[in-house]
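Everything on this sheet refers to the single structure shown next.
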Amino acid sequence: MSAFLSLYASVGTLYIVIKDVGLIDREKAILVGLELQKNQGDIEYSLTELALLADTAGAEAVDKVIQKREKTDPAYYIGKGKAEELAALAEMRGADLVIFNDELTPSQLRNLDRLINLKVIDRTALILDIFARRALSREGKLQVELAQLQYLLPRLIGLGNQLSRLGGGIGTRGPGETQLEIDRRVIRRRISELKKEIVQLRKQRNLQRQRRKKNRCTVVSLVGYTNAGKSTLLNTLTGSDLYTEDKLFATLDPMVRRGMLNDRTEVLFTDTVGFIEKLPHQLVSAFRATLEEIAAADIILHLVDLSHPDYNNHAAVVRQHLATLVSDYHEKEILVFNKIDLLDDSLTITHLEREYPNALYISGLTGRGIENLKEAVLEAIKVKRYSVKLFIPYNEGKTISELQKADSFEIISYQDDYLEIRTTLDRETLSRYEVYRCKPG
């Protein structure tokens, strides 16, 4: 037996109702993409990715429609005539829903819903639906619920027909399957509550980061396009057994694991949610507390799935997101091309080695190139550290004790009033001990 969740509100409180609906067949979806003349790209790749997203959400793409226009139609996105053709196609193919490759405005959603007379969702709703499935931690669930409600609020009226017509499925999980009696006031109240809880989670994460800095833990963050192999690489680097699956957004919740480099240096590897083209702004906003882990990292391993035909665009998308999160990401980034075990053409790697001379080529699954990756991380750590000579007065026992925990601590000499030492510190830690770089007196 299977079940779906129905959320509704009464007197400002959200209630969960579990309904047994038996074994639900995969929904049949028609994909719709718009190729604008002023911004021509490879729409086929984009719709292929949309089909993978639909598959991850539990739908089967049975057909696709591509419309070429000079600009988006403000009322129907693809134009009323094309929308009528789409309605006929959906009926002929026995489709259950239509998925648009871009975010629809509330009026477009309302008009298309009435004309097609089927459930209509956009790319944003589809991704939010996947996140609602995949989030397991309390933090992840709170962030997803906030993103869903922020998306739902301006579209509440437009969703009325499809919510009353359908009893579950893609685009209606979590807060999306809200009963019609929910009003904007209740949703706004819940959004306010969620924001307050996420602020507290953000403070907790900040305290954790401060604790890591105090303990001088080097943090290496794994970032990349969704399904680039971050979780698999994290397992290989740390000996963990995190869940992995060859699907988009297989894992959402941030993970932190300890790992050892080649010289027995211990570092913390973190894995965060993967990026994707047209990532809903609601998710970026809601997951800000999680994504700040990337900004706080000492080193960023930018993982690129080399086996994907559109890997260059994937790398560009990730860097666009990084630029909004980390002002100096290019100083922290190590470019890593993953899944070389799936690549038969060695000429591709030869070409990339000329274009990206500092990049690494690995297989997180087989372990190929992992030792080189560890060496590169170790070298990056050393570059970020400075060998300095310090003069510590004997009455500064606590300071001496702290520095003994640092790398390469070496006592040079014992003087009458101070201890002369040499040690290696990162830039931030060095600023705290700047006063000891001159001899007392």
Side-chain angles (χ1 to χ4, degrees), residues 3-18 53 56-57 103 121 124-156 159 168 170-179 182-211 221 223 226 230-231 242-243 248-256 270-276 279-296 321 324-325:
F4 66 82
L5 295 180
S6 174
L7 276 76
Y8 64 94
S10 177
V11 198
T13 305
L14 286 176
Y15 296 92
I16 298 178
V17 178
I18 301 180
L53 287 168
T56 301
E103 184 169 318
I121 66 172
T124 297
L126 180 61
I127 294 175
L128 290 173
D129 184 274
I130 295 170
F131 271 59
R133 280 184 165 205
R134 299 288 185 174
L136 299 177
S137 68
R138 176 175 172 270
E139 179 181 2
K141 290 177 181 178
L142 287 175
Q143 292 174 124
V144 171
E145 185 182 354
L146 174 60
Q148 284 186 308
L149 289 176
Q150 288 176 328
Y151 172 82
L152 174 65
L153 184 58
R155 295 168 175 81
L156 195 58
L159 289 170
I170 296 171
T172 61
R173 274 179 279 266
E177 194 178 63
T178 310
Q179 302 297 316
I182 291 186
D183 59 16
R184 296 174 186 270
R185 177 172 46 82
V186 175
I187 292 181
R188 286 195 183 100
R189 184 184 304 145
R190 180 58 180 158
I191 287 175
S192 178
E193 292 171 355
L194 288 169
K195 285 183 175 179
K196 289 178 182 177
E197 291 189 64
I198 290 174
V199 165
Q200 292 303 314
L201 291 171
R202 193 171 182 176
K203 290 180 179 178
Q204 292 174 14
R205 284 200 167 275
N206 190 42
L207 287 174
Q208 292 171 357
R209 287 192 290 267
Q210 289 178 0
R211 197 175 300 122
S221 182
V223 304
T226 179
K230 300 191 308 301
S231 296
L242 301 176
Y243 172 77
L248 305 185
F249 300 114
T251 54
L252 295 183
D253 298 309
M255 299 294 177
V256 181
T270 66
D271 178 19
T272 58
V273 61
F275 295 110
I276 196 170
L279 186 66
H281 65 88
Q282 296 93 343
L283 279 175
V284 175
S285 175
F287 275 74
R288 179 66 60 177
T290 300
L291 294 174
E292 283 177 351
E293 292 291 327
I294 300 174
H321 287 297
T324 65
L325 296 168

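- Residues satisfying the salt bridge (Lys or Arg N to Asp or Glu O under 4.0 Å) criterion with Glu292, sequence neighbours excluded, are Arg202, Arg209.
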Note to self: Before you tell me yes or no, could you show the steps for Arg188 and Arg185 under side-chain contact (heavy atoms from CB on, under 4.5 Å), namely the whole-Å CA-CA distance, both residues' side-chain angles and the distance that decides it to 0.1 Å?
What the structure shows: CA-CA 5 Å; Arg188 286 195 183 100; Arg185 177 172 46 82; 5.5 Å; no
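- Look at Glu193 and Arg190 and you find a salt bridge, because one of the NZ, NE, NH1 or NH2 atoms lies within 4.0 Å of a carboxylate O, short of that distance.
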Next item on the list: Carefully, step by step, assess Leu128 and Val144 under the rule side-chain contact (heavy atoms from CB on, under 4.5 Å).
Entry: CA-CA 7 Å; Leu128 290 173; Val144 171; 5.6 Å; no
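- For Phe287, the ring-ring contact (aromatic ring centres under 6.0 Å, His included) partners are Phe131, not counting sequence neighbours.
- Among residues two or more places apart in sequence or in another chain, the side-chain contact (heavy atoms from CB on, under 4.5 Å) test is passed with Thr270 by Val219, Ser221, Val256.
- Leu201 contributes atom CG, which lies 5.5 Å from atom CZ of Arg138 (distance to the nearest 0.5 angstrom).
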Next item on the list: Just do the side-chain contact (heavy atoms from CB on, under 4.5 Å) check on Leu126 and Thr56 with the steps written out, would you?
Entry: CA-CA 10 Å; Leu126 180 61; Thr56 301; over 6 Å; no
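- The salt bridge (Lys or Arg N to Asp or Glu O under 4.0 Å) search around Glu139 returns Arg205, not counting sequence neighbours.
- Remark: Gln150 pairs with no residue by the side-chain hydrogen bond (donor to acceptor under 3.5 Å, both in side chains) rule, at least two apart or across chains.
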Item checked: Criterion side-chain contact (heavy atoms from CB on, under 4.5 Å) on Phe275 and Leu291, from CA distance to verdict -> CA-CA 10 Å; Phe275 295 110; Leu291 294 174; 4.2 Å; yes
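- A search for side-chain hydrogen bond (donor to acceptor under 3.5 Å, both in side chains) contacts involving Gln204 returns nothing, not counting sequence neighbours.
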